[in-house]
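In what follows, chains are A, B, ... by sequence order, proteins preceding strands, each numbered from 1. Remember, predicted model here, so these are calculated numbers, not experimental data.
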Amino acid sequence: MATKVRVRFAPSPTGGLHLGGVRTVLFNYLFARHHGGDFVLRIEDTDNTRFVEGAEDYIMETLRWCGMEPDESPAAGGPFAPYRQSERKANYLQYAEKLVADGHAYYAFDTPEELEEMRNTFKSAENPSPQYDHKLRMKMRNSLSLGEEEVSRLISEGVPYVIRIKMPDNQTIGFTDMIRGEVNFSTSTVDDKVLLKKDGMPTYHLAVVVDDYLMKITHAFRGEEWLPSAPVHLLLWNYLGWSDAMPQWAHLPLILKPDGNGKLSKRDGDRLGFPVFAMNWTDPRSNEFTQGFRERGFLPEAFVNMLAMLGWNDGTGKEIFSMQELIASFDMSRVHKGGAKFDFEKAKWFNHEWIKASSAARLLPDVKNSLTSAGISVTDDRYLATVIDMVKERCTLLPDFVEQSGFFFNAPASPDMEPVKAKWNLDKNLFFTDLPGVLEALPDWNAVAVETAFKEMAVARAIKVGELQLPFRLMLVGGKFGPAVFDIAATIGKDEVIARIKKGLESLA
RNA sequence: GCCGCGUUGGUCAAUCGGUUAAGACGCAUCCCUUUCACGGAUGAAUGACGGGUUCGAUUCCCGUACGCGGUACCA
């Protein structure tokens, strides 16, 4: 195929990006890169009543964090600029007018109140939500029912109107979805969607078609919730005479809430205690705060990996993928048809795997950040790197590094010796009283040397080494966790070890 | 109500008609470790239900049930 692949992610800037949104971008991105194509970000801000300040920056920042920089975007520009639909407003009218001229659309003058009234009068048990369609449009006030003179009079008087598509009343229309295969609809069940609003802005339906055409989009991927309006888009591509250029479509499955049923929402996250947005987000209107995966301590590699596996797999059982590996193996036809329930435990597992597999150098800036915000100052990066390698396998989320490595930097505030108090005795007390002197005399300071000295001393005094290790750990670490004690001792240094032993002894007194 | 999409263990899922239906998460037990982890081992689903097609169906078709999505001058 000669045409270059071009895909787009087209969010509306109404708030933070949730899991489903990020996954939609991801699949777009993977597909584009897999085929060496272009990935464009187009902001669909056609509804100014829902516009939220900061949402666009948030989206850009999320893409950056995830490593999915668009080739073309409002910020980066590109050959098809502008990339904000609000700035392309002037484009749409001509196409809507052309549709009217060709008899595929019409002017409608109904006020919101009249629409409301229509819905009320025709509402019934069998038809709870009457549609503005081929059955009702002649009962409404539009250029089909009113007659030419009346219409031109209304228009010249400046009466506000919208332009609606005229859906054929009995036609079957279908297309091949890259994920679902053949999908067919009967046009008689689709209503006459508004194409151009009275403020002159297009609705999504007109805007996607026009912009996908103008921007030469070859593949259009979006959430499953768009499937029912696909026939409108199909018709528009036809009516506008662009059938040959119509992109291939794929409707992605939804991400569902972990318990019960339904689409995952940020409320579920609040309720169940996990993030739903990629990054922290505070709604400027309500001041409502929502935590993000990034701030919760997820690595972008893990976040992306986890999202990719929610609805897709390569068929081999492989689960850990880098972005490069995802790009290499991604295939839209292997995307699931059914929605997947989100499992936060599994998400954490991905993060844990990525932390374990990451080098200290990769982890260092993030860990340093966590430590710093917990009040632990790090001055020696090499020392931190050593510590990271020692503790990373026991850290699931980035903030776990605070507890797991804090004692390498600061002595435990007040070592809790409670777990060993019951079996504490004079011999043990003597052991630890004499230990500093022995350690002090050690010519070499390393884990083996400390361990050897420690064990020889224990044997000489006929005390079980095991009985001594826990108190030693408590003195050094402050809790029952962490790497091997002698490794810790070797790392924090002779003076510090001796100081902590003395301090531990004090709290046992 | 109508239209569309979907339905393999608690969850994510492999299987593109054919031996005992992979694997992962989580869970349980055990081993390793006299810390916590990591690692290793073991255990627990007969494929929503009912009909077909076929020598043979989890895999194809139909129906039912259930779930989800849509049914806005929101995307």
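Closest to the side chain of Glu319(A), from the set C25(B), C12(B), A24(B), is A24(B). Nearest nucleotide to the Ala340(A) side chain, out of C38(B), C12(B), G6(B): C12(B). Candidate nucleotides C73(B), A75(B), G6(B) were compared by shortest atom distance to the side chain of Arg50(A), and A75(B) ranks first. Comparing A14(B), A75(B), U71(B) against the side chain of Asp191(A) picks out U71(B) as the nearest.
Of the nucleotides present, A24(B) is the one that pairs with U11(B) by Watson-Crick or G-U wobble criteria, both distances under 3.5 Å. If you check C16(B) for Watson-Crick or wobble pairing at under 3.5 angstrom, you find it has no partner at all. Across all strands shown, U59(B) forms no Watson-Crick or G-U wobble pair with both key distances under 3.5 Å. When Watson-Crick and G-U wobble pairs are counted only if both distances are under 3.5 Å, A48(B) pairs with U64(B). Across all strands shown, U29(B) is found opposite A41(B) as a Watson-Crick or G-U wobble partner, with both distances under 3.5 Å. Nucleotide A72(B): unpaired (no Watson-Crick or G-U wobble partner with both distances less than 3.5 Å).
Backbone-only contact: Lys337(A) has heavy atoms under 4.0 Å from sugar-phosphate atoms and none from a base. Within 4.0 Å of Lys263(A), counting heavy atoms only, lie sugar-phosphate atoms of the nucleic acid but no base atom. His205(A) comes within 4.0 angstrom of nothing in the nucleic acid, heavy atoms only. The residue Ala347(A) sits apart from the nucleic acid: no heavy atom pair falls under 4.0 Å. As judged by a 4.0 angstrom heavy-atom cut-off over every strand, Glu44(A) is placed among residues touching the sugar-phosphate backbone only. Among the atoms of the strands shown, only primed sugar atoms or phosphate atoms (P, OP1, OP2) are found under 4.0 Å from some heavy atom of Arg334(A). Residue Leu115(A) is in base contact, counting any heavy-atom pair closer than 4.0 Å across all strands shown. Residue Gly223(A) is classed as having no contact, given no heavy-atom separation below 4.0 Å to the nucleic acid. Within the nucleic acid shown, Pro483(A) comes within 4.0 Å of at least one base atom, counting heavy atoms only. Residue contacts shown for Gln404(A) are absent, as no nucleic acid heavy atom lies under 4.0 Å away. Looking at heavy-atom distances under 4.0 Å, Val391(A) makes no contact with the nucleic acid at all.
Residue pairs meeting the side-chain hydrogen bond (donor to acceptor under 3.5 Å, both in side chains) criterion with at least one member in residues 196-208 of chain A, sequence neighbours excluded: Tyr204(A)-Arg222(A).
For the P atom pair drawn from C25(B) and G69(B), the interatomic distance equals 30 Å after rounding to whole Å. Nucleotides U19(B) and U33(B) place their C1' atoms 41 Å apart, quoted to the nearest Å. Nucleotides G26(B) and C38(B) have their P atoms positioned 9 Å apart, rounded to a whole Å. Rounded to the nearest Å, the gap between the C1' atom of G43(B) and that of G1(B) is 49 Å.
Relative to the six-membered ring of Tyr132(A), Arg164(A) meets both conditions, a distance below 6.0 Å and an angle of at most 45° to the axis. With Trp349(A) as the aromatic partner, Lys346(A) meets the cation-pi criteria of under 6.0 angstrom to the ring centre and within 45 degrees of the ring axis.
Contact between the side-chain N/O atoms of Thr49(A) and the OP1/OP2 oxygens of C74(B) is not found at any separation under 4.0 Å. Taking only side-chain nitrogens and oxygens, Lys341(A) never comes nearer than 4.0 Å to OP1 or OP2 of C25(B). Taking side-chain N and O atoms only, Lys356(A) has no distance below 4.0 Å to OP1 or OP2 of A37(B). Between Lys197(A) and the phosphate of C74(B), there is a side-chain N or O to OP1/OP2 separation shorter than 4.0 Å. When the side-chain nitrogen and oxygen atoms of Arg164(A) are compared with OP1 and OP2 of C73(B), one or more of them lie within a distance under 4.0 Å. In terms of phosphate contacts, His251(A) brings no side-chain nitrogen or oxygen within less than 4.0 Å of OP1 or OP2 of G4(B).
With hydrogens and angles left out, the side chain of Arg394(A) and the base of C36(B) share a donor-acceptor pair within 3.5 Å. Lys346(A) contributes a side-chain N or O that forms a donor-acceptor pair with the base of A24(B) under 3.5 Å.
Separating the CH2 atom of Trp226(A) from the P atom of C68(B) is a distance of 20 Å, rounded to the nearest angstrom. Rounded to whole angstrom, the span from the CD1 atom of Ile320(A) across to the C1' atom of A24(B) amounts to 9 Å. Glu353(A) places its CD atom 10 Å from the C1' atom of A24(B), with the value rounded to the nearest Å. Rounded to whole angstrom, the span from the CD1 atom of Ile255(A) across to the P atom of G69(B) amounts to 14 Å. Counting to the nearest Å, the C1' atom of C74(B) and the CE atom of Met201(A) are 13 Å from each other. Met309(A) has its CE atom 18 Å from the P atom of U11(B), to the nearest Å.
Checking Asn313(A) against Gly338(A), the closest nucleotide of RNA chain B that is more toward the 5' end is the one next to Gly338(A).
The ring-ring contact (aromatic ring centres under 6.0 Å, His included) search around Phe321(A) returns Trp312(A), not counting sequence neighbours.
Of all heavy-atom pairs between Leu508(A) and Met475(A), the closest is CD1-CE, 4.2 Å.
The closest donor-acceptor contact from the side chain of His352(A) to the backbone of Cys395(A) lies under 3.5 Å.
Residue Lys166(A) places its NZ atom among 12 or fewer non-hydrogen atoms of other residues, nucleotides or ligands, all under 6.0 Å distant.
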Determine whether Asn28(A) and Arg8(A) satisfy the following criterion, side chain to side chain donor-acceptor pair (under 3.5 Å), listing intermediate values before the conclusion.
CA-CA 7 Å; Asn28(A) 268 287; Arg8(A) 97 276 122 135; 5.3 Å; no
Pairs: protein N or O with nucleotides 1-3 of chain B N or O, under 3.5 Å:
residue: G1(B); atom: O2'; partner: Glu126(A); partner atom: O; Å: 2.3

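With 3.5 Å as the limit, one finds no donor-acceptor pair spanning the side chains of Asn142(A) and Tyr161(A). Using a 3.5 Å distance cut-off with no hydrogens or angles, the side chains of Ser124(A) and Asn127(A) do not pair a donor with an acceptor. A donor-acceptor contact closer than 3.5 angstrom links the side chains of Asp45(A) and Ser86(A).
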